[in-house]
Amino acid sequence: MSIGTNIATAASWLHRGKLVAMPTETVYGLAGNALQEDSLSEIFRVKERPSFDPLILHLAKAEDAEPYVMQLPPAFTTLYNAFCPGPLTFVLPKSALVPELLTAGHPTVALRFPRHPVAQELLRSLPFPLAAPSANKFGRVSPTTAAHVAEQLGGAIPYILDGGSCEVGLESTIIDLSTPRVTILRLGGIALEHIEATLGERVARVAHSSSNPKAPGMLTAHYSPSIPLLFGKFEENLKRVDRQRTGTITFCRKAAGVPLSQQRILSPKGDLGEAAARLFAALRSFSNQNIEVILACEFPEEGLGRAINDRLRRAAQPLNRA
Ligand code: TXA
Ligand code: MG
């Protein structure tokens with residue numbers, strides 16, 4: 001495995017059916033040829049992802065989407081013009097060109113147009129779209145740097161394309177346009193309020209579930225850090241733990257009595273975008289310290305704060321693995 005910034009090298013591995021890690025503005029993706037069954041199987045194998053959990057199809061621009069969907073509804077055009085390329089994923093009825101393996105047998109396909117310049121250049125240089133789940137093992141925290149990818153997948157892929165730290169730091173918002181009622185399936189890099197303001201209507205939200213969710217990957221337990229995490233009731237929990245052996249994740253305030261080296265204050269100036277960008281690195285950062293529990297505060301339930309709370313709530317659930 002090597003890490004580098006050579007887009008042509010990444011493209012040549014992809015042409016040969018191999019996988020590479022690709023930077024996007026949200027998180028790093030584990031990318032492969034979306035139209036080739038072998039590449040798709042390899043993604044599921046490397047990620048240890050169950051085959052019932054569909055992948056997102058990545059494209060450079062709206063015009064590239066036409067072959068893969070039945071039609072592009074007006075809401076797609078409105079949202080695309082407002083937010084794309086960017087951290088928004090659209091679920092639409094799929095065409096016959098999209099492999100069943102990619103959509104896990106669903107009649108819909110998820111489309112995303114990443115705005116990271118390296119992802120854009122890579123996609124534009126290829127004659128096929130890319131399937132790319134987040135480049136972590138299934139159920140773990142998504143990577144926001146090339147080094148994070150190397151930690152979990154380094155031995156399994158030939159090349160990591162380094163595009164620096166991800167600017168948004170949370171996965172894309174997923175919006176389902178395949179049903180009569182527009183529905184948010186995953187909170188993410190585009191705030192719910194901005195989507196509603198752009199569409200001029202309220203959108204529905206799907207609650208996360210631990211079984212049979214609408215989007216199979218949206219299981220409650222996800223994003224597990226390697227140390228137990230308690231979310232919310234921050235001050236109360238702080239009184240109950242051994243503060244010398246506690247890590248904290250807070251928005252802008254310090255946690256009394258916890259050594260500063262064990263505190264991750266995500267945005268001292270109180271900016272939810274900055275906090276979002278730092279969240280996943282913070283979740284990973286405790287593993288080499290003598291810490292037995294992580295306490296995370298609740299963030300304001302507005303804008304990107306909703307998605308931050310969603311990820312922390314799920315990180316707090318122990319992952320049941322077979
Ligand atoms: O920001 C992102 O979206 C990142 C970057 C790499 O683009 N990708 C990402 O992929 O987060 P992944 O595979 O980790 O999460 C994709 C989610 C899964 O929960 C999956 O179940 C859902 O998208 N999904 C994919 N296709 C779907 C479909 N047809 N209907 C409903 N949900 C779908
Ligand atoms: Mg993921």
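Order of appearance sets the numbers: ligands from 1, and atoms from 1 within every ligand. Positions are given from 1, in the same order as the sequence printed here. Computed from a prediction, not measured in an experiment: that's the story for all the values here.
- When each atom of ligand 1 is checked for a heavy atom of A110 under 4.0 Å away, the hits are 25 (C), 26 (N), 27 (C), 29 (N).
- At least one heavy atom of A132 sits closer than 4.0 Å to an atom of ligand 1.
- Heavy atoms of M22 come nearer than 4.0 angstrom to ligand 1 in no pair at all.
- One finds the CG atom of N136 at 7.0 Å from the CG atom of L153 (value rounded to the nearest 0.5 Å).
- Ligand 1 has no nitrogen or oxygen under 3.5 angstrom from a nitrogen or oxygen of E171.
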Step-by-step side-chain contact (heavy atoms from CB on, under 4.5 Å) determination, I294 to T246: CA-CA 6 Å; I294 303 167; T246 296; over 6 Å; no
Pair R313-E298, salt bridge (Lys or Arg N to Asp or Glu O under 4.0 Å): steps then yes or no: CA-CA 9 Å; R313 197 169 292 123; E298 255 178 83; 5.0 Å; no
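- More than 12 heavy atoms of other residues, nucleotides or ligands sit less than 6.0 Å from atom CD of E274.
- Under a 4.0 Å criterion applied to the non-hydrogen atoms of I174, ligand 1 contributes the atoms 17 (C), 22 (C), 23 (O).
- Close contacts between ligand 1 and G29 involve ligand atoms 6 (C) [criterion: under 4.0 Å to a heavy atom].
- Metal site remark for the Mg ion (ligand 2): S134 contributes an N, O or S atom at a distance under 2.8 Å.
- Looking at R112 against ligand 1, only its side chain comes within 4.0 Å, counting heavy atoms.
- Using a 4.0 Å cut-off between charged side-chain N and carboxylate O, R16 and E42 make no salt bridge.
- Residue R186 touches ligand 1 through its side chain alone, judged by heavy-atom distances below 4.0 Å.
- Environment of CE in M1: crowded, with over 12 heavy atoms of neighbouring residues, nucleotides or ligands closer than 6.0 Å.
- A cation-pi arrangement is absent between R115 and F83 under the rule of less than 6.0 angstrom and at most 45 degrees off the ring axis.
- Considering P23, A104, P54 only, the shortest heavy-atom separation from atom 25 (C) of ligand 1 involves P54.
- Listed by number with element, the atoms of ligand 1 under 4.0 Å from a non-hydrogen atom of H58 are 5 (C), 7 (O).
- With hydrophobic clusters built from ILVMFWY side chains whose heavy atoms lie under 4.5 angstrom apart, V241 does not share a cluster with I249.
- At a heavy-atom distance under 4.0 Å, no atom of D176 approaches ligand 1.
- Within ligand 1, the atoms closer than 4.0 Å to a non-hydrogen atom of T26 are 1 (O), 2 (C), 4 (C), 5 (C), numbered from 1 in the order shown.
- Between D310 and R314 there is a salt bridge, since at least one side-chain N of the basic residue sits less than 4.0 Å from a carboxylate O of the acidic one.
- The shortest N or O to N or O distance between Y28 and ligand 1 is not under 3.5 Å.
- Here D53 has side-chain heavy atoms under 4.0 Å from ligand 1, and that is the only part of it that gets that close.
- Only the side chain of L185 comes within contact range of ligand 1, with a heavy atom under 4.0 Å; no backbone atom does.
- Residue contact annotation: R49 has a non-hydrogen atom under 4.0 Å from ligand 1.
- Residue contacts with ligand 1: H106 is placed with no nitrogen or oxygen under 3.5 Å of a nitrogen or oxygen of the ligand (distance criterion only).
- When L88, T108, V27, T183 are checked for heavy-atom proximity to atom 30 (N) of ligand 1, T108 turns out nearest.
- Between D162 atom CG and N6 atom CG the span is 12.5 Å, to the nearest 0.5 Å.
- Note on R245 versus D242: no salt bridge recorded, every NZ/NE/NH1/NH2 to OD/OE distance being 4.0 Å or above.
- Both the backbone and the side chain of P133 come within contact range of ligand 1, each with a heavy atom under 4.0 Å.
- The aromatic ring centroids of F280 and H148 lie 6.0 Å or more from each other.
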